2 protein chains.
Amino acid sequence: MLSKRAKYAIKTILYLHENDQGLPISAKVISEKERIPYKFLENILRELKTHQILRSVRGAEGGYILAKDPNEITIAQVMRVIDGPIALIPCVSERFYESCPECVDEETCRIRKLFGELRNGMLPILEKSVVELARL
Amino acid sequence: MLSKRAKYAIKTILYLHENDQGLPISAKVISEKERIPYKFLENILRELKTHQILRSVRGAEGGYILAKDPNEITIAQVMRVIDGPIALIPCVSERFYESCPECVDEETCRIRKLFGELRNGMLPILEKSVVELARL
DNA sequence: TAATAACCCTATAACTTTTATAGGGTATTT
DNA sequence: AAATACCCTATAAAAGTTATAGGGTTATTA
């Protein structure tokens, strides 16, 4: 399941993209418009900033803005930052690889093969950019 | 993420299929061979039985056996029984549908569209039968 | 330059889900 | 009748999710 954090994160970048006028948008506005608890949102925003998906502008009239071309920001990136691996088991994850404690031979594990296929099927769908998401 | 319950369940049906000699296999044997905590496994077995994926034979020399043609048992079925929906958000689930509490208009929700596509991409991969899984 | 708006950070609490474990009961075979 | 194995409920330990609290820092603008 997608966590609420991740859902809020996706809503946030989509909102920032669709309301982009070159000016930052405050956490308060995002919180109200997208109905995300303010303090919870702050936490998510910081994480997106740390990973260079957003950048922030401090002071009055400050806020958040996409850190790069929205064509370069994908849903998969956002999900990885917030929830971790796209893959449903860690032994087939590219960026969050972990071996299964009980696994005897990873190369011949059929479950691994199946969920590897699954990951490979999921990825292209989730690699849509914010721009593409906005057009769905 | 796939739960351990679901992983154990998949391992169980794969084990039962590959060691099928027309005789039931005891929970104890499955537990030892697949290294699944016995009491935890019992719980999973009961759930698979309730949903007609396995049937059980009581008494000495009893145990569990696949309830139907292994070509008819899919990984998606097992996952649904144990973990619930395949979809990553409930509003695009076929069998476990739930609306999102905060959603204003489901028809125009882009997140819903994206995760609908994702579900549709995942399903054919997870609809492999136990027989197909064994051959991977 | 003071007030204000907005970001920044750590800790922790409430809640839910996952992962078991305990302890006994019931049915069937040998 | 004893042994084997399934059946069932309750509960606990651990982990993860979803926030909330409370204060600190930075920058703008009146």
Side-chain angles (χ1 to χ4, degrees), chain A residues 1-12 16 23-51 53-65 67 79 81-85 88-90 96 98 100-102, chain B residues 1-12 16 23-51 53-65 67 79 81-85 88-90 96 98 100-102:
Chain A
M1 277 285 176
L2 190 74
S3 71
K4 274 199 168 187
R5 276 176 76 80
K7 196 172 180 184
Y8 290 160
I10 296 170
K11 285 192 170 189
T12 295
L16 288 178
L23 297 171
I25 297 173
S26 73
K28 192 178 174 221
V29 168
I30 301 168
S31 162
E32 283 165 0
K33 295 285 184 184
E34 294 296 331
R35 293 174 183 159
I36 304 171
Y38 180 76
K39 284 291 196 180
F40 196 32
L41 176 62
E42 270 198 328
N43 206 278
I44 296 165
L45 289 168
R46 183 152 15 91
E47 210 154 334
L48 292 173
K49 189 197 162 174
T50 302
H51 289 83
I53 290 173
L54 303 182
R55 60 191 176 77
S56 67
V57 179
R58 305 184 89 158
E61 305 295 311
Y64 293 89
I65 196 163
M79 287 176 67
V81 164
I82 302 296
D83 277 353
L88 262 51
I89 49 177
F96 298 87
E98 273 180 60
C100 304
E102 83 277 14
Chain B
M1 277 286 175
L2 189 74
S3 72
K4 276 200 168 186
R5 275 176 77 81
K7 196 172 179 184
Y8 290 161
I10 296 170
K11 284 192 170 192
T12 295
L16 288 177
L23 298 170
I25 297 173
S26 73
K28 193 180 174 217
V29 167
I30 300 168
S31 164
E32 284 165 1
K33 295 283 185 184
E34 295 296 330
R35 293 173 184 161
I36 304 170
Y38 181 76
K39 284 293 197 178
F40 196 30
L41 176 62
E42 271 197 328
N43 206 279
I44 296 165
L45 288 167
R46 183 152 16 91
E47 211 154 335
L48 292 173
K49 187 194 164 174
T50 303
H51 289 83
I53 289 173
L54 303 182
R55 61 191 174 79
S56 67
V57 178
R58 307 186 87 158
E61 305 295 309
Y64 292 89
I65 196 162
M79 287 176 66
V81 164
I82 303 295
D83 278 353
L88 263 52
I89 49 177
F96 297 87
E98 273 179 58
C100 304
E102 83 277 16

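Given the structure is predicted, the values throughout are model-derived calculations rather than measurements.
Backbone-only contact: B:Lys4 has heavy atoms under 4.0 Å from sugar-phosphate atoms and none from a base.
Comparing atom distances between the A:Asn43 side chain and each of C:dT10, C:dT19, D:dT18 picks out C:dT10 as nearest. Of the candidate nucleotides C:dA22, C:dT29, C:dT26, C:dT26 has the atom nearest to the side chain of B:Arg58. Comparing atom distances between the A:Lys39 side chain and each of D:dA21, D:dC8, C:dT19 picks out D:dA21 as nearest. When the nucleotides C:dT30, D:dA19, C:dT10 are ranked by their closest atom to the side chain of A:Arg46, C:dT10 comes out on top. Here the side chain of B:Pro37 is nearest to one of D:dC6, C:dT21, D:dT20, namely C:dT21. Considering only the side chain of B:Ala60, C:dT29 comes nearest among C:dT29, D:dC6, C:dA6.
Proximity of B:Tyr8 to the phosphate of C:dT18: no side-chain N or O atom is located under 4.0 Å from OP1 or OP2. One finds a side-chain N or O of A:Ser56 lying less than 4.0 angstrom from the OP1 or OP2 phosphate oxygen of C:dC8. Side-chain N/O atoms of B:Tyr38 include none lying less than 4.0 angstrom from OP1 or OP2 on C:dT21.
When side chains are defined from C-beta on, B:Glu98 does not count as touching B:Pro85, because their heavy atoms never get closer than 4.5 Å. Using a 4.5 Å heavy-atom threshold, the side chains of A:Arg46 and A:Lys49 count as separate. Counting heavy atoms from C-beta outward, A:Pro24 and A:Tyr64 have side chains that stay 4.5 Å or more apart.
The NZ-P distance, from A:Lys28 to C:dT4, rounds to 14 Å in whole Å. When the P atom of C:dT18 is taken as reference, atom CD1 of B:Ile36 falls 18 Å away, rounded to whole Å. To the nearest angstrom, P of C:dT29 lies 13 Å from CG of B:Leu23. In this structure, B:Asp83 places its CG atom 10 Å from C1' of C:dT18, rounding to the nearest Å.
Between A:Met79 and A:Leu2, the shortest heavy-atom distance links the atoms CE-CD1, 3.7 Å. Of all non-hydrogen atoms in B:Phe40 and B:Arg5, the two that sit nearest each other are CZ-CG, 3.3 Å.
Residue-to-nucleotide contacts include a donor-acceptor pair under 3.5 Å from the side chain of B:Glu42 to the base of D:dC7.
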